[in-house]
Amino acid sequence: MTRALDDIHRKIHEEVTGRADALWDIALRLHADPEYAFAEHRAAALLTGELERAGFAVERGVAGLPTAFAARAGRGRPAVALLLEYDALPGLGHACGHNLIAAAGLGAALAARVALDGSPGCVLAVGTPAEEGGGGKAAEVEAGVFDDVDAALMFHPGVHDWRRAPLTAQVQYRVAFHGRAAHPTGSPTEGVDALAALIELFNVLGVVGRRLPEASHVQGIITHGGTATNIVPEYAQGLFGLRAATTGALEELAGQLRTCAEGVARATGTRAEVERATVRYEHFRDSGVLSDRFAGHLARAGIALTPPVPGVYLGSSDIGNVSARVPAIHPFVAIMGEDGSDHTPGFAEAAASGRAREVLAAATEALACTAADVLLDPELREEARARHRAAPAAGE
């Protein structure tokens, strides 16, 4: 098995090397033409066109999402999914490097086909829109896209070389207060100030925040605060982003938000409405055995991955929802120094840099080799499944 895998890894290296220029061109084309959540029509067309020309069977519009797709080479089990993100950030373009994620996932899927070579199994390239807001992967999970998959693989460009992603659970809630309008001078006692209630909720949450566990926090904004200064606001609304280290802790935090809002409403004589405003992103559960394989393959390109720094979290992603269903990896590979940050103009520039080109080639090969390992090594698959079954459930 080791010798056979070594031969496959060499073939994958040749495949990726031969496609390196074309993959970089695709990354640059995506970078120059950013599209946003659920509107990535040109990106999806570009990627599915490449997959169809390579002989993949492409299904568009999966999970009811016009810019989502699933492209298959081979059939049956074992099956490995390569994930492609391609949405950009409004006003910043590809400041999260999704152009590189898409090109790497595409290249890895094309190269990993050599592991099939007439054997049963399937390489699946999954187009996952709206990671930055909307949660395409969450919809695909619910639609069953990953039901018959043994592993889901992707990488993310970043400012660290980390073998796993410390990604929290997150969701947004909309909180509205209903009061009663009045003239603040002529009949001040008749008014019930909804805006004052909303502001008090911010104050209460500030006190609660001092005793929240590590990685839990609430960040809010006022989305409606009244219409005129000479009218006591009868309606006020805020949007609150909640994050927590685990999905279970996130649900507890959502319960605290509701309790705080209802308490403020009772104290101020208003009526509170609390409703979830977005898809819930679950916390990421890393498949350590598969992340180790990826790190080993990437090391051949001279990039050494380390564990993340304890206590440092890098946001949230709908890959968490996938990782709750199947073994998954989401390593970070740096395309700029640790003094930088994604979601900035500087990171958008880095996503089209010479360093990004080198990372793209290395990550593509490492992903393809890891996919081949999943397809050809039943002991690896069983270990990954066993560890995944043994891990705490998403709600714990």
Side-chain angles (χ1 to χ4, degrees), residues 1-28 47 50-51 53-56 71-74 78-84 97 99-119 121-126 150-157 161-163 287 289-305 329-335 353-381 384:
M1 174 62 71
T2 300
R3 183 173 299 173
L5 274 176
D6 287 343
D7 290 341
I8 292 297
H9 295 159
R10 281 193 291 272
K11 291 179 181 179
I12 287 173
H13 174 75
E14 293 170 0
E15 285 277 327
V16 174
T17 300
R19 298 179 185 275
D21 289 344
L23 293 175
W24 181 239
D25 179 66
I26 288 169
L28 291 181
L47 296 165
E50 292 291 327
L51 288 160
R53 280 189 289 275
F56 279 68
R72 297 176 183 272
V80 62
L82 283 307
L83 308 188
L84 287 68
N99 62 311
L100 301 174
I101 296 173
L106 170 66
L110 297 177
R113 286 181 308 168
V114 305
L116 297 175
D117 193 25
S119 301
C122 176
V123 175
L124 181 66
V126 183
D150 293 287
L153 313 177
M154 65 175 289
F155 102 101
H156 202 297
D161 289 320
W162 287 354
R163 69 174 55 202
S287 175
V289 62
L290 297 182
S291 287
D292 287 347
R293 285 293 181 105
F294 176 88
H297 293 307
L298 192 68
R300 292 198 296 268
I303 301 174
L305 300 184
I329 69 169
H330 186 289
F332 281 97
V333 185
I335 61 171
S353 67
R355 182 173 178 178
R357 179 172 185 160
E358 295 175 359
V359 166
L360 173 60
T364 300
E365 183 174 335
L367 285 170
C369 288
T370 306
D373 294 345
V374 171
L375 292 170
L376 298 177
D377 188 342
E379 292 183 1
L380 176 66
R381 290 196 303 274

Review point. Does the pair Glu14 and Lys11 meet the rule for a salt bridge (charged side-chain N to carboxylate O under 4.0 Å, His left out), with working shown?
Key: CA-CA 5 Å; Glu14 293 170 0; Lys11 291 179 181 179; over 6 Å; no
Practice item. Decide side-chain contact (heavy atoms from CB on, under 4.5 Å) for Trp24 and Leu100; before the verdict, give the C-alpha distance in whole Å, the side-chain angles of both, and the deciding distance to 0.1 Å. Key: CA-CA 8 Å; Trp24 181 239; Leu100 301 174; 3.8 Å; yes
Check your understanding: Under the side-chain contact (heavy atoms from CB on, under 4.5 Å) criterion, do Ile26 and Leu47 qualify, and how do the steps go?
Key -> CA-CA 8 Å; Ile26 288 169; Leu47 296 165; 4.2 Å; yes
Check your understanding: How far apart are the C-alpha atoms of Arg163 and Ile329, what are their side-chain angles, what is the distance that settles it, and do they pass the side-chain contact (heavy atoms from CB on, under 4.5 Å) test?
Key -> CA-CA 9 Å; Arg163 69 174 55 202; Ile329 69 169; over 6 Å; no
Exercise for review: Go through the steps for Asp377 and Arg293 under the test side-chain contact (heavy atoms from CB on, under 4.5 Å), then give the verdict.
Suggested key: CA-CA 12 Å; Asp377 188 342; Arg293 285 293 181 105; 3.3 Å; yes
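The line from CG of Leu367 to NE2 of His297 is 10.0 Å long, rounded to the nearest 0.5 Å. Here the straight-line distance linking atom CZ of Arg300 with atom CD of Glu365 works out to 6.0 Å at 0.5 Å rounding. In this structure, the separation between CZ on Phe155 and NE2 on His330 is 9.5 Å, given to the nearest 0.5 Å. Note that the CG atom of Leu5 and the CG atom of Leu380 stand 9.0 Å from one another [nearest 0.5 Å]. With rounding to the nearest 0.5 angstrom, the CD1 atom of Ile335 is 11.0 Å from the CG atom of Asp161. Expressed to the nearest 0.5 Å, how far CG of Leu83 lies from CG of Leu153 amounts to 7.5 Å.
Between Arg357 and Asp21, at least one side-chain nitrogen of the basic residue sits less than 4.0 Å from a carboxylate oxygen of the acidic one, meeting the salt-bridge criterion. Salt bridge Arg53/Glu50: present, at least one basic N to carboxylate O contact under 4.0 Å.
Here the closest heavy-atom approach between residue Val16 and residue Ala361 is recorded as CG1-O, 3.8 Å. Between Ala115 and Leu376 the shortest heavy-atom distance is O-CD2, 3.5 Å. Contact detail for Leu116 and Ala73: the closest heavy-atom pair is CD1-O, 3.5 Å. Summarising the geometry of Leu360 relative to Ala27, their closest heavy-atom pair is CD2-CB, 4.1 Å, with the distance given to 0.1 Å. Nearest heavy-atom pair across Thr364 and Gly107 is CG2-C, 3.5 Å. A pairwise comparison of heavy atoms in Ala301 and Ala362 identifies CB-CB, 3.6 Å as the closest pair.
Classified by interplanar angle (parallel below 30°, tilted 30° to 60°, perpendicular above 60°), the ring pair Phe332/His156 is tilted.
Surrounding CG of Asp117 are at most 12 heavy atoms belonging to other residues, nucleotides or ligands under 6.0 Å away.
Here the side chain of Arg381 pairs a donor or acceptor atom with the backbone of Val374 at under 3.5 angstrom. Checking side-chain atoms of Arg113 against main-chain N and O of Ala54 turns up a donor-acceptor pair under 3.5 Å. Here the side chain of Asp150 pairs no donor or acceptor atom with the backbone of Val80 at under 3.5 angstrom.
In summary, of the residues considered (Leu106, Leu110, Leu124), a side-chain contact (heavy atoms from CB on, under 4.5 Å) with Phe56 occurs for Leu110 alone.
Partners of Arg19 by salt bridge (Lys or Arg N to Asp or Glu O under 4.0 Å), not counting sequence neighbours, listed by chain and number: Glu15.
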